[in-house]
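Hydrogens, waters and symmetry mates are skipped; everything else that's a heavy atom, side chains included, is used.
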Amino acid sequence: MAPVDPHSYTDGAHPVVSRAALAFYLDFAASTIHASAVLTLSAPHSGDLLLDTRALAVHSASTDADPPEPIPFSLAAAPDPVLGTALTLALPRDTASFRLTFSTSPAASALQWLAPPQTASAQPFVFSQCQSIHARSVFPCHDTPAARITFSLLLNVPEQLSAVAAARHVARRDPLPSDHRGACDDGLWCAPGRIVEEFQMDQSVPPYLFAFAAGSIGFRDLGPRTRVYAEGGDTVLDEAAREFAGVEEMVKVGEGLFGPYEWERFDLLVLPPSFPYGGMENPRMVFLTPTVIKGDAAGAQVVAHELAHSWTGNLITNKTNEDFWLNEGFTTYAERRIVEVVQGEERAALNMGIGWRGLNRMMERFKDNMEFTKLKPKMAGIDPDDVYSEVPYEKGFQFLWRIEREIGRPAFDEFLKKYIATFKFQSIDTETFLEFLKTNVPGIENKIDLHLWVEGTGIPPDAMEPDSATYKKICSLAAEFKSGKLPSEDEVAKWSGQEWELYLENLPADVEASQVTALDERYKLSESRDYEVKVAFLQLAIPTGCKCYFNEVEKCLKQVGRMKYLRPLYSSLAKCSSEEKMLAQRIFSEAQEFYHPIARSVAEAILSKHS
C-alpha cells in the first residue's frame, strides 16, 4: 500500500474516485440518510480498492451495469479512532464505476440533526460539516483533499422543507422511481409529501467541501451573483442582508486582486447557532454562524475570509492536513488584502493585530508539544480537529507577509496570480509550493530561511507585529490597565467590536476581580451582542473568581456552538477550582445535545484533559 495521506486509507497505487452520483433520502425522524452512490474512478481498476468510511452501514456493492453484478466487499472489524473504518471492494476486471447503497448513523460526525424545538422555524433541520475528515461519515469516498471529485446530488426531503448545497441548483421536482438507485424502496422515495432537490457540481472539489443543508430556509438577493439564505424567518434574513450588503463589491475586489471568480455564484447560508465554525468556505454556498451578524457590518470580515478561499483553498487545495497552512495562511493573507481595500488599512492592521495575539497565544497552548507550532507538522495518528488552531492561519500569513516585504508588493501580487493560475483545481503539498517559489523568485532561499519557516517550531525571528497608530494606541491603553487606568469614554467612543477584542486580548492575565468588574460596570462588555467581545471578556473574568459572571458564561455556552467560543470558555473553567470544573461539567451535560458532533468531541476532550 502507498498511502497518500496520513488521514485516509486511500492507496496511492490505485485510481481514486473522481465523480460521485449521490441520492439521499433524508429521514428526519431517525436522524439517518438512506443513500446510494455511483462512484466513477479516475481510471479502470481490477482487484481490491479501499474507501474511507465512518459509522456507515454499507448494504450492497455492485457493478454499475444492467443488470448489476454483486461486488464482494468487507468492512474492517474495528474502526480506527481517527481514520474510521476501511471499506474494501474486490472489483471485477477493469471496473470504471460501481454502485453502493448505505445508511448514515444518527451519530454521523459530519451531520447535525435539529429537532423542531431546536430551530427558530419549529421545523426539522439538518446540515453537514465535512472538514476536516468527516465526509466519510456521509458517503464512502477517498476522503483526502488529494482526491478531488465532481458530483451530482439528489436530496429527497419533506415537501414543506427546502434544501441548499455547495453545487449548482438544477431543479426542485417530484421524486421519480429511477432516482434513488437502491437508496430505499420506490414507495418510500416517491411517498406523498416528499420532494427532490437536485444539484450538480461540475468543478472538482476535495471531499471536505461537499456540503448541504435542509430545513425551512428562506433567502434574500444581495446582488447579481450573491444571495443570503437563512433558517429563522424574515428577521434573521433582514439582519443578514444588511450585514452582508457589500458582498458583491467584495467579490469584485477579490477578482481584481487574485483573478477571475471561477465558481459562478457566491451565496451565503446563515445556519442555526450550533454551527461549530465562524464560516465554512463551501464553494457556491458558504456556511456561516449567526454570531457573525453583529449589526455593524463587522461580520463582513468573516465573509471576506470565506470569499478569499474561493481562490486559495478551493481552487488550490492543501494535499493533506499536514499542508493546511496552504489553505489558511494564504486565505488569511488574501482576506486582509480584501479588507484593506474595502474597509481601509487601519482595519486590516487591527485584523493583523488580533491575529498576532492569537499566534502568540498558540505558543502557550502547544508549549508541551511544539510540533503543532510548525507550518508543516507531522500528524499521523492525530485527529486534525484535536489540534485545530490559529497556527496555520497566522504563522502562514506571517510567512507570506515576510515574502511580500522581501520582494515588494507589486512583485508578490504577480507571483500570487501566477501561483493561482498555475495550480487551480489542483491539490498540492508544501514542497510543491516551495519549489514554485524558488523557481519564480530566484534566490529567495538566500534571503529568507524557508526551512525555518516551514519546519521550525515557534515564531521565527523575522515575523513582524503589525505597525499602525490605532493598533499601538490600543496596546498602550491595555498596558495601562494593570495600574488601574481604564480607557476613557472619549478614547473608546469610536471603537467597534474589533477594537474591544484587541484591547481585551492584550490585557494582562493576572488582573484582579475588582478591575474586571470596574471595566464591565463602565462598558457592559459581558452583555455585548458581539460574541468576540463577550467571550474575550468572560475568558478574562473566569480566572479571577468573579462568580457574578457565571450566568453569562452558562448562557453563552448553551446558546452558541461555535468552537472558537467553546474552547476558551470550557478551558478557562476546567483550569480553575473544583467549583468551576463542576460548573463546566454540568453545563456540558445539559448543552451537549445542542452541539454539533465535532464541537461536542472537542469540548469532551477539554474536560477530560483537566478532570
Side-chain angles (χ1 to χ4, degrees), residues 3-8 10 12 15-20 42 52 110 128-136 138 141-151 165-167 201-211 254 258-264 266 277 279-287 305-335 375-377 379 384-385 388 391-393 396-397 399-400 415-437 454:
V4 299
D5 185 332
H7 296 115
S8 173
T10 303
V16 294
V17 173
S18 60
R19 181 161 183 82
S42 55
D52 296 305
S128 65
Q129 172 57 38
C130 291
Q131 195 179 50
S132 296
I133 54 171
H134 300 284
R136 66 194 69 186
V138 182
C141 58
H142 289 122
D143 194 7
T144 166
R148 301 175 73 98
I149 61 169
T150 60
F151 64 87
M201 188 59 168
D202 293 324
Q203 294 154 304
S204 66
V205 294
Y208 73 80
L209 290 177
F210 174 82
F258 313 120
Y261 181 77
E262 300 270 3
W263 305 96
E264 188 178 351
F266 182 73
Y277 292 99
M280 182 62 210
E281 65 270 18
N282 308 309
R284 301 181 65 106
M285 185 64 68
V286 166
F287 284 10
H305 184 87
E306 308 313 329
L307 170 63
H309 268 302
S310 302
W311 291 274
T312 54
N314 297 3
L315 266 189
I316 307 175
T317 305
N318 52 234
K319 195 170 186 179
T320 75
N321 277 287
E322 292 184 338
D323 306 292
F324 191 46
W325 81 273
L326 288 174
N327 276 22
E328 297 300 351
F330 268 94
T331 297
T332 301
Y333 175 88
E335 166 205 344
L375 277 187
K376 182 154 184 165
M379 294 185 63
D385 292 334
Y388 178 85
V391 171
Y393 294 75
F397 163 79
F399 183 30
L400 298 173
F415 168 81
L416 195 55
K417 285 182 177 179
K418 185 175 182 181
Y419 168 72
I420 293 169
T422 300
F423 295 110
K424 68 180 183 179
F425 295 111
Q426 296 180 49
S427 299
I428 67 169
D429 57 20
T430 299
E431 292 71 25
T432 300
F433 166 74
L434 292 176
E435 285 305 310
F436 184 80
L437 173 66
V454 172

Quiz item: Any chance the rings of Trp311 and Phe266 have centres within less than 6.0 Å?
Solution: no
Self-check item: Minimum heavy-atom distance between Cys141 and Pro207, given as atom pair plus value
Solution: SG-CB, 4.5 Å
Practice problem: Identify the heavy atoms of Val205 and Met201 that sit nearest to each other, and give their distance. | Solution: CG1-CE, 3.8 Å
Self-check item: Any residue meeting ring-ring contact (aromatic ring centres under 6.0 Å, His included) with Phe287, in chain and number order, not counting sequence neighbours
Solution: none
Self-check item: Which residues share a side chain to side chain contact (heavy atoms under 4.5 Å, CB included) with Pro6, sequence neighbours left out
Solution: Thr320, Glu322, Ala380
Quiz item: Judged by atom type as modelled, is there a donor-acceptor pair below 3.5 Å linking the side chain of His142 to the main-chain atoms of Ser8?
Solution: no
Quiz prompt | Check against side-chain contact (heavy atoms from CB on, under 4.5 Å), Glu335 and Tyr393 | solution = CA-CA 11 Å; Glu335 166 205 344; Tyr393 294 75; over 6 Å; no
Self-check item: Nearest atoms (heavy-atom pairs only) where Met280 meets Gln131
Solution: SD-OE1, 3.5 Å
Quiz item: With sequence neighbours left out, what residues match Lys319 under side chain to side chain contact (heavy atoms under 4.5 Å, CB included)?
Solution: Ala146, Asp323, Asp429
Quiz prompt | Minimum side-chain heavy-atom gap Thr10-Pro3 below 4.5 Å | solution = no
Quiz item: For the ring pair Tyr277 and Tyr388, is the centre-to-centre distance below 6.0 Å?
Solution: yes
Quiz prompt | Leu375: partners by side chain to side chain contact (heavy atoms under 4.5 Å, CB included), with sequence neighbours left out | solution = Trp325, Lys395, Phe399
Quiz item: Between Asn282 (side chain) and Ala211 (backbone), is there a donor-acceptor pair under 3.5 Å?
Solution: no
Quiz item: Which distance, rounded to the nearest 0.5 Å, do you find between the CG of Leu437 and the OG1 of Thr430?
Solution: 12.0 Å
Exercise. Specify the closest pair of heavy atoms between Ala334 and Phe258, including all atoms of both residues, with the distance to one decimal.
Key: CB-CZ, 3.5 Å
Practice problem: Could you point out which residue of Leu326, Leu434, Val454 forms a side-chain contact (heavy atoms from CB on, under 4.5 Å) with Lys376? | Solution: Val454
Quiz item: Around atom NZ of Lys417, are there more than 12 heavy atoms of other residues, nucleotides or ligands at under 6.0 Å?
Solution: yes
Exercise. Tell me, with the steps shown, if Asn314 and Glu281 meet side-chain contact (heavy atoms from CB on, under 4.5 Å).
Key: CA-CA 8 Å; Asn314 297 3; Glu281 65 270 18; 3.3 Å; yes
Quiz item: Name the one of Leu416, Asn318, Ile316 that satisfies side-chain contact (heavy atoms from CB on, under 4.5 Å) with Phe330?
Solution: Leu416
Practice problem: Output yes when a side-chain donor or acceptor of Thr432 lies under 3.5 Å from a complementary backbone atom of Ile428, and no otherwise. | Solution: no
Practice problem: Verify the ring-centre separation between Phe415 and Phe436: is it less than 6.0 angstrom? | Solution: yes
Exercise. Give a yes or no answer on whether the side chain of Thr317 reaches the backbone of Pro145 with a donor-acceptor pair at less than 3.5 Å.
Key: no
Quiz item: Of all heavy-atom pairs between Asn321 and Met379, which one has the smallest distance, and what is that distance?
Solution: O-SD, 3.7 Å
Exercise. With sequence neighbours excluded, tell me which residues meet salt bridge (Lys or Arg N to Asp or Glu O under 4.0 Å) with Lys424.
Key: Glu262
Exercise. Run through Thr331, Thr332, Asn327 and flag the one making a side-chain hydrogen bond (donor to acceptor under 3.5 Å, both in side chains) with Thr312.
Key: Thr331
Exercise. Search all heavy atoms of Ser132 against all heavy atoms of Asp143 and return the closest pair with its distance.
Key: O-OD1, 4.5 Å
Exercise. Could you give me the CA-CA distance, side-chain angles and deciding distance for Val16 and Ser42, then say whether side-chain contact (heavy atoms from CB on, under 4.5 Å) is met?
Key: CA-CA 6 Å; Val16 294; Ser42 55; 4.0 Å; yes
Quiz item: Would you say the ring centroid of Phe423 lies under 6.0 angstrom from that of Phe433?
Solution: no
Exercise. Report the C-alpha distance between Ser310 and Tyr261 in whole Å, list the side-chain angles of each, state the deciding distance to 0.1 Å, and finish with yes or no for side-chain contact (heavy atoms from CB on, under 4.5 Å).
Key: CA-CA 7 Å; Ser310 302; Tyr261 181 77; 3.3 Å; yes
Quiz prompt | Non-neighbouring partners of Ala110 that pass side chain to side chain contact (heavy atoms under 4.5 Å, CB included), sequence neighbours left out | solution = Cys130, His134, Ser137, Val138
Practice problem: For Arg148 and Pro206, indicate whether the former's side chain and the latter's backbone hold a donor-acceptor pair under 3.5 Å. | Solution: no
Self-check item: Spacing of CD1 belonging to Ile133 relative to CG belonging to Asp385, to within rounding of 0.5 Å
Solution: 7.0 Å
